[in-house]
Amino acid sequence: YREMLPINRDEEPVSLGEGGTPLLALERIARELGLDALYVKDESQNPTGSFKARGMSVAVTVAKRLGAKAFVAPSAGNAGGALAAYGARAGLPVRLYVPRDTPPLLIEEMNGYGAEVMFVDGLIDDAGRLAAEYARQSGDFNVATFREPYRVEGKKTMAYELVEQLGCVPGTILYPTGGGTGLVAMWKAFGELERLGWIGGERPLMIAVQSDGCAPIVTAFARGDESATRVENAATRMWGLRVPGGIGDRLSLRALRESGGDAVAVSDDDADTGMNDLHRLEGIDATEEGGATLAALRRLRVGGATLKRPIVLFNTGTSLKYAPRAGAK
């Protein structure tokens, strides 16, 4: 999809083979839920094991072209691993600010790609403030969520692939939402596809899924607010969803409401059950964030929600980074 990306015609992108991930039918789980068209978009098969690779490929490509000599970003784990890998691919240094309790496997990944890892006593938004201050002082390019537009550009390709793979616009998308880049990016992509004449005015119901221990978007959506309030003492085992302040809150909430969608919070235990069910019933390498989308779908079905078909769950990363827990049950 390079014609729809900010990459020059004669430019060689900084790439590790990201994108082109499979869309897998969930036949057993669909029968359990009484559904006839249920899929998982399995982003675990990207380089570095998560959807973050899509955004980092485009962000690093454009920043390098524009003269960036080094990168800095905050991360809860997967974004840091992806930036470290794409920085190494580009031959440019990377500094990452991460919460001190980030899982060791994720830290080892960042270190393994040569990144400098700085530990922060706090959460991802605290890491973000330190990364931004360092960027101002050093001149390093800040690749934090929504600090630059190019990660969104890379992640919008998820929506292009869905339309290509399904042959139509999805009816409902359930997406694990931390910073909100993926949600916002896909909503942008559907508008682009219509302007190109490849689809009409149809849109999927966009459903944000968060942890009930850290659900700023869910709370703001329920209140009818246009922005989210920071969650104090946010706690969840799902590292990618431990984002106490909605970084892309206004854009995420707008996408949910324009689509006629919803925002759902689930427990860590229910997400863990969803992850293990995707492993054992379907053979899919889901992480807990991916399991959370199945937990949310189950909750919506019990509540009698009307969902348009086909329904797509997003698994945003590999369970291997959760190895101590993923095989525990």
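No side-chain heavy atom of L24 sits under 4.5 Å from any side-chain heavy atom of N315. In this structure, the side chains of S75 and M110 come closer than 4.5 Å at one or more pairs of heavy atoms. Taking 4.5 Å as the limit, every side-chain heavy atom of M186 sits out of range of all side-chain heavy atoms of K155. At least one side-chain heavy atom of S319 sits less than 4.5 Å from a side-chain heavy atom of D285. Within the 4.5 Å cutoff, no side-chain heavy atoms of T21 are placed close to those of D42. Side-chain atoms of Y86 and P47, non-hydrogen and from C-beta on, do get closer than 4.5 Å to each other. Residues V117 and N111 have side chains in contact (heavy-atom distance under 4.5 Å, counting atoms from C-beta outward). Side-chain atoms of R242 and D101, non-hydrogen and from C-beta on, do get closer than 4.5 Å to each other.
The pair D277-R298 counts as a salt bridge, with a side-chain nitrogen and a carboxylate oxygen less than 4.0 angstrom apart. At a threshold of 4.0 Å, the pair E43-K52 does not count as salt-bridged, since none of the basic side-chain nitrogens sits closer than that to a carboxylate oxygen.
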List the steps and the verdict of salt bridge (charged side-chain N to carboxylate O under 4.0 Å, His left out) for D249 and R230. CA-CA 10 Å; D249 53 347; R230 187 182 193 274; over 6 Å; no
With salt bridge (charged side-chain N to carboxylate O under 4.0 Å, His left out) as the criterion, how do R2 and E11 come out once you've worked through the C-alpha distance, each side chain's angles and the decisive distance to 0.1 Å? CA-CA 10 Å; R2 67 178 295 151; E11 183 175 21; 5.7 Å; no
Apply side-chain contact (heavy atoms from CB on, under 4.5 Å) to residues R151 and T145 and explain how you reach the verdict. CA-CA 8 Å; R151 287 175 66 181; T145 301; 3.6 Å; yes
After noting the C-alpha distance and the side-chain angles of V312 and L166, does the key distance pass the side-chain contact (heavy atoms from CB on, under 4.5 Å) rule? CA-CA 10 Å; V312 177; L166 287 169; 4.2 Å; yes
When you look at L26 and L278, which way does the side-chain contact (heavy atoms from CB on, under 4.5 Å) test go after all the steps? CA-CA 9 Å; L26 300 181; L278 286 165; 4.0 Å; yes
Test side-chain contact (heavy atoms from CB on, under 4.5 Å) applied to Y150 and L5, step by step: CA-CA 9 Å; Y150 304 113; L5 297 172; over 6 Å; no
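Distance alone, capped at 3.5 Å, places no donor-acceptor pair between the T236 side chain and the C214 backbone. Not a single donor-acceptor pair under 3.5 Å links the side chain of E148 to the backbone N or O of V143. With hydrogens and angles ignored, the 3.5 Å screen pairs no side-chain donor or acceptor of K188 with any backbone N or O of E153. Using modelled atom types, one side-chain atom of E161 and one backbone atom of G20 make a donor-acceptor pair closer than 3.5 Å. A donor-acceptor pair under 3.5 Å is absent between the side-chain atoms of D272 and the main chain of D268, judged by distance alone. Between the side chain of R147 and the main chain of N142, no donor-acceptor pair closer than 3.5 Å is present. Between the T293 side chain and the E289 main chain, no donor and acceptor come within less than 3.5 Å of each other. For T61 (side chain) and S57 (main-chain N/O), a donor-acceptor pair under 3.5 Å exists by modelled atom type. Judged purely by atom type and a 3.5 angstrom limit, T318 has no side-chain atom pairing as donor or acceptor with the backbone of G49. The backbone N or O of G19 lies less than 3.5 Å from a partner atom in the side chain of N46, making a donor-acceptor pair.
One finds the CD1 atom of I284 at 9.0 Å from the CD atom of Q45 (value rounded to the nearest 0.5 Å). Atoms CD and CG, on E109 and L320 in that order, are 10.5 Å from each other to the nearest 0.5 Å. To the nearest 0.5 Å, atoms CD (E288) and OG (S211) are separated by 10.0 Å. Between the CG atom in L193 and the OH atom in Y160 there is a gap of 5.5 Å [rounded to 0.5 Å]. Atom-to-atom distance recorded for M118:CE and L96:CG is 10.5 Å, nearest 0.5 angstrom. A distance of 11.5 Å separates CD1 of I311 from CD1 of I173, quoted to the nearest 0.5 Å.
Tracing side-chain contacts under 4.5 Å through hydrophobic residues (I, L, V, M, F, W, Y), one reaches M206 starting from I199; they form part of the same cluster. Cluster membership check: L130 does not share its hydrophobic cluster with F141, using side-chain heavy-atom separations under 4.5 Å among Ile, Leu, Val, Met, Phe, Trp and Tyr. By the criterion of side-chain heavy atoms lying less than 4.5 angstrom apart, applied directly or through intervening Ile, Leu, Val, Met, Phe, Trp or Tyr residues, M275 is not grouped with L281; the two fall into different hydrophobic clusters. Placement of I217 and L123 in two distinct hydrophobic clusters is found when ILVMFWY residues are connected by side-chain heavy-atom separations under 4.5 Å, directly or transitively. Hydrophobic clustering places V40 together with V209 (ILVMFWY residues linked when any side-chain heavy atoms are closer than 4.5 Å, directly or through intermediates).
Side-chain contact check for E164 and Y1: at least one donor-acceptor pair (N or O, by modelled atom type) lies under 3.5 Å. Between the side chains of Y39 and Q165, not a single donor N or O lies within less than 3.5 Å of an accepting N or O. Side-chain polar atoms of R54 and T157 form a donor-acceptor pair below 3.5 angstrom.
Closest approach of F119 to P99, counting heavy atoms only: CD2-O, 4.3 Å. Nearest heavy atoms, A73 versus L83: CB-CD2, 3.6 Å. Closest heavy-atom contact between A271 and A295: N-CB, 4.2 Å. Considering all non-hydrogen atoms of both residues, A208 and L183 come closest at CB-CD2, 4.4 Å. Contact detail for A265 and V218: the closest heavy-atom pair is N-CG2, 3.9 Å. Considering every non-hydrogen atom in both P74 and A127, the closest pair reads CB-C, 3.6 Å.
Ring pair Y175/F51 is perpendicular by interplanar angle, where above 60° counts as perpendicular and below 30° as parallel.
Within 6.0 Å of the CZ atom in R203, the count of heavy atoms belonging to other residues, nucleotides or ligands exceeds 12. Counted within 6.0 Å of CZ on R254, heavy atoms from surrounding residues, nucleotides or ligands total 12 or fewer; the atom is thus considered open. Applying the 6.0 Å contact sphere to CZ of R28 captures no more than 12 heavy atoms from other residues, nucleotides or ligands. More than 12 non-hydrogen atoms from other residues, nucleotides or ligands lie less than 6.0 angstrom from CD of E32.
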